[in-house]
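Comments concern the structure below.
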Amino acid sequence: MNRLFSVILLIILAFPLMAQEISIIPKPAEMAVQNGQFKLDKNCTLKFDENNKDAARIAAFFNDYLDNLYGFKLSNNASENAVSLKIISSLDMGQEAYLLKVNKDGVVITASNPAGLFYGLQSLKQLLPVEAENGSLTIPCIDIKDKPRFAWRGNMLDVGRHYFPVSFIKKYIDILAMYKINTFHWHLTEDQGWRIEIKKYPLLTEISHWRDETLLGHFRSGQEKDGIGYGGFYTQDQCREIVRYAAERYITVVPEIEMPGHSSAALAAYPNLGCTGGPYKVQETWGVHKDVYCAGKDETFNFLKNVLDEVLDIFPSEFIHIGGDECPKDAWEQCDACQKRITDNGLENEHELQSWFITQIDHYLSSKGRRLIGWDEILEGGLAPEATVMSWRGTKGGIEAAKQKHDVVMSPNSHMYIDYYQSKNKDDEPLAIGGFLPVEKVYSYEPVPEELNADEVKHILGVQTNLWTEYVATTKKAEYMLLPRLQAQAEVGWTPKAEKDYADFSKRLENDYLRLTKLGINYRDHRKE
Ligand code: ACM
Ligand code: ZN
């Protein structure tokens, strides 16, 4: 009887802890749950160095979050119970690392850099129960020591196929920040639309942003179009606002200006940049198009360098993405200027001409103190000397680039293309490009290929998911495709390999969904078949 009593007592005592499992995503590197709890309510104080602009901004973000979700804010009211935010640069903990300690008197987050403090607060937000109880938020006592596994934790959004308003780009960046993603790759130019204002070339935002109509349904199943004009672009001021907004959330915006392929929209406005001189049109269907920049004409490079000058002025990112994928060589084969370029430079063929093209841009970006990154086709015909490779057609390109001592971002379509279906039952899902990529498969991805030795592994910068939007026309669908596959990628990029556990992740997602719902963010429940 005595024993039974102790067992019951134990269960009763343990219940609050069991009811509040730790569900931080991505899972921290080190974490130890302690006995006891801290109760956060409006009477607690929020302590930070008011002279530190970063700390003050991060504190304000936390207060906005509390206000939005729970209807109260903290002030610096000198109460004993506190949330303390500390940036101590002398600790030298690493750019994105933080310590988070909760005991029954309060919470202390310590970092040597602002990004670390910001990430500590992302974790604290996920430690809070989704619903307050009598105005108070119970947090389990815990010690967390955390830092990321990889430096590049990226996500790409294609705004060329479909345009998303600035308000949504900000919401999207907020979602990335929740899961400690630090790179937003903004795919700004496409065959179906050019989306960034370039002051020297006004026709890009008069002609190139607009298509007369859009294909209905899947591009392999018919050619019927909707008859509705479609367009949109971001002004340079809006781009700067996005860069600022992202930077405050410790996210770098990497702009992508596609070349030499995927350039129909630019050619529609400036047909002199194509091999035949046109006419060209902003494409209304998906797939790979044969209208590409002429590699033989000097005016192509003048145009691209002028465009890049304005891009570099807006985006401080070290990396600038220049595309480089899916460039059919048909026009180059028939073009006198392109053939002369091949002969003059002793090139073997059109693949080497593509490599020559990318190398011109590589030199230009290097001369401006920036680094070129491109899709893995830039390996064909020889990699430009300073280029970084984004491996998308599987991992082969990434492995090859790392072996050539070039940096690599792993983004294989097999595991990181979140425009693919999330169920085998495609009829139950909204239209997607194809494929099958459930969250568990994203989670299973290991970015470090076995083929690489220790020196080569250092070139793997990290991992990235890509959201192509041929079949994603609404913000709600963009969120549906993004989540929860983004959470899975976040854990691939952040959490030590040994700490990963899909069953545990899957349970944490269930709690995450409650928070997403409260925040008005759409997702696809992975418990559905
Ligand atoms: C790509 O998916 N064409 C990079
Ligand atoms: Zn040409």
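These numbers come from the heavy atoms of this one structure, side chains and all, not from hydrogens, waters or symmetry mates. Predicted model, so just to flag it, every value in this text is computed and none were measured.
With values rounded to the nearest 0.5 angstrom, L176 atom CG is found 5.0 Å from I251 atom CD1. For the atom pair CD1 of I87 and CD1 of I109, the computed distance is 11.0 Å after rounding to the nearest 0.5 Å. Taken from CD in Q464 to CZ in F184, the straight-line distance is 10.0 Å, to the nearest 0.5 Å. Here the CD-OG distance, from E510 to S23, works out to 10.5 Å after rounding to the nearest 0.5 Å. Annotation: the span from K426 atom NZ to Y421 atom OH amounts to 7.0 Å, rounded to 0.5 Å.
Remark: K403 NZ is packed, more than 12 non-hydrogen atoms of other residues, nucleotides or ligands lying under 6.0 Å away. Within a 6.0 Å radius of NZ in K125, more than 12 heavy atoms belonging to other residues, nucleotides or ligands are found. By the 6.0 Å contact criterion, NZ on K424 is open, its count of non-hydrogen atoms from other residues, nucleotides or ligands being 12 or less.
Between the side chains of Y179 and D512, at least one donor N or O sits under 3.5 Å from an acceptor N or O. The closest side-chain donor-acceptor pair between K101 and T110, if any, does not fall under 3.5 angstrom. In this structure, a donor-acceptor pair under 3.5 Å is absent between the side chains of Y98 and Q122. For the residue pair E21 / N511, no side-chain donor-acceptor distance below 3.5 Å is found, with atom types taken as modelled. Under the 3.5 Å distance criterion, with hydrogens and angles disregarded, a donor-acceptor pair is assigned to the side chains of E96 and N182. If you check the side chains of E429 and S423, you find no donor sitting under 3.5 Å from an acceptor.
Using cut-offs of 30° and 60° on the angle between ring planes, the pair W468 and H187 is perpendicular. Between Y445 and H415, the ring planes lie tilted relative to each other; the angle falls in the 30° to 60° range.
Taking the charged nitrogens against the carboxylate oxygens, E386 and K368 have no contact shorter than 4.0 Å, which rules out a salt bridge. With salt bridges taken as basic N to acidic carboxylate O contacts below 4.0 Å, none links K27 and D501. With salt bridges taken as basic N to acidic carboxylate O contacts below 4.0 Å, none links D504 and K507. Salt-bridge formation is detected for the pair E241/R244: a Lys NZ or Arg NE/NH1/NH2 atom is positioned less than 4.0 Å from an Asp or Glu carboxylate oxygen. Under 4.0 Å is where a charged nitrogen must lie from a carboxylate oxygen, and between E131 and K518 at least one such pair does. Salt bridge annotation for D64-K73: present, with a cationic side-chain nitrogen under 4.0 angstrom from a carboxylate oxygen.
Nearest heavy atoms, L452 versus A402: CD1-CB, 3.8 Å. Contact between G435 and Y420 at its shortest, heavy atoms only, is CA-CD2, 3.9 Å. Between M481 and A432, the closest heavy-atom pair is CE-CB, 4.2 Å. For R249 against D174, the heavy-atom pair with the smallest separation is NE-OD1, 2.9 Å. Closest heavy-atom contact between Q95 and A115: O-CB, 3.7 Å. Nearest heavy-atom pair, T495 versus R149, reported as atom, atom and distance to 0.1 Å: O-CD, 3.7 Å.
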May I have the step-by-step check of side chain to side chain contact (heavy atoms under 4.5 Å, CB included) for Y65 and L124, ending in yes or no? CA-CA 11 Å; Y65 182 82; L124 177 60; over 6 Å; no
Take E491 and K500 through the test salt bridge (charged side-chain N to carboxylate O under 4.0 Å, His left out) and record every step on the way to the result. CA-CA 8 Å; E491 198 143 315; K500 278 179 64 202; over 6 Å; no
Start with the C-alpha distance between D313 and R240, add both sets of side-chain angles, then the distance that settles salt bridge (charged side-chain N to carboxylate O under 4.0 Å, His left out), and finish with yes or no. CA-CA 9 Å; D313 198 47; R240 286 197 167 85; 3.0 Å; yes
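Taking the ring centroids of H321 and W375, they lie under the 6.0 Å cut-off. The aromatic ring centroids of Y172 and F164 lie 6.0 Å or more from each other. Less than 6.0 angstrom separates the ring centroid of H526 from the ring centroid of Y513.
Contact annotation: the side chain of F38 never approaches that of L127 to less than 4.5 Å [non-hydrogen atoms, C-beta and beyond].
No donor-acceptor pair closer than 3.5 Å links the side chain of E499 to the backbone N or O of P496.
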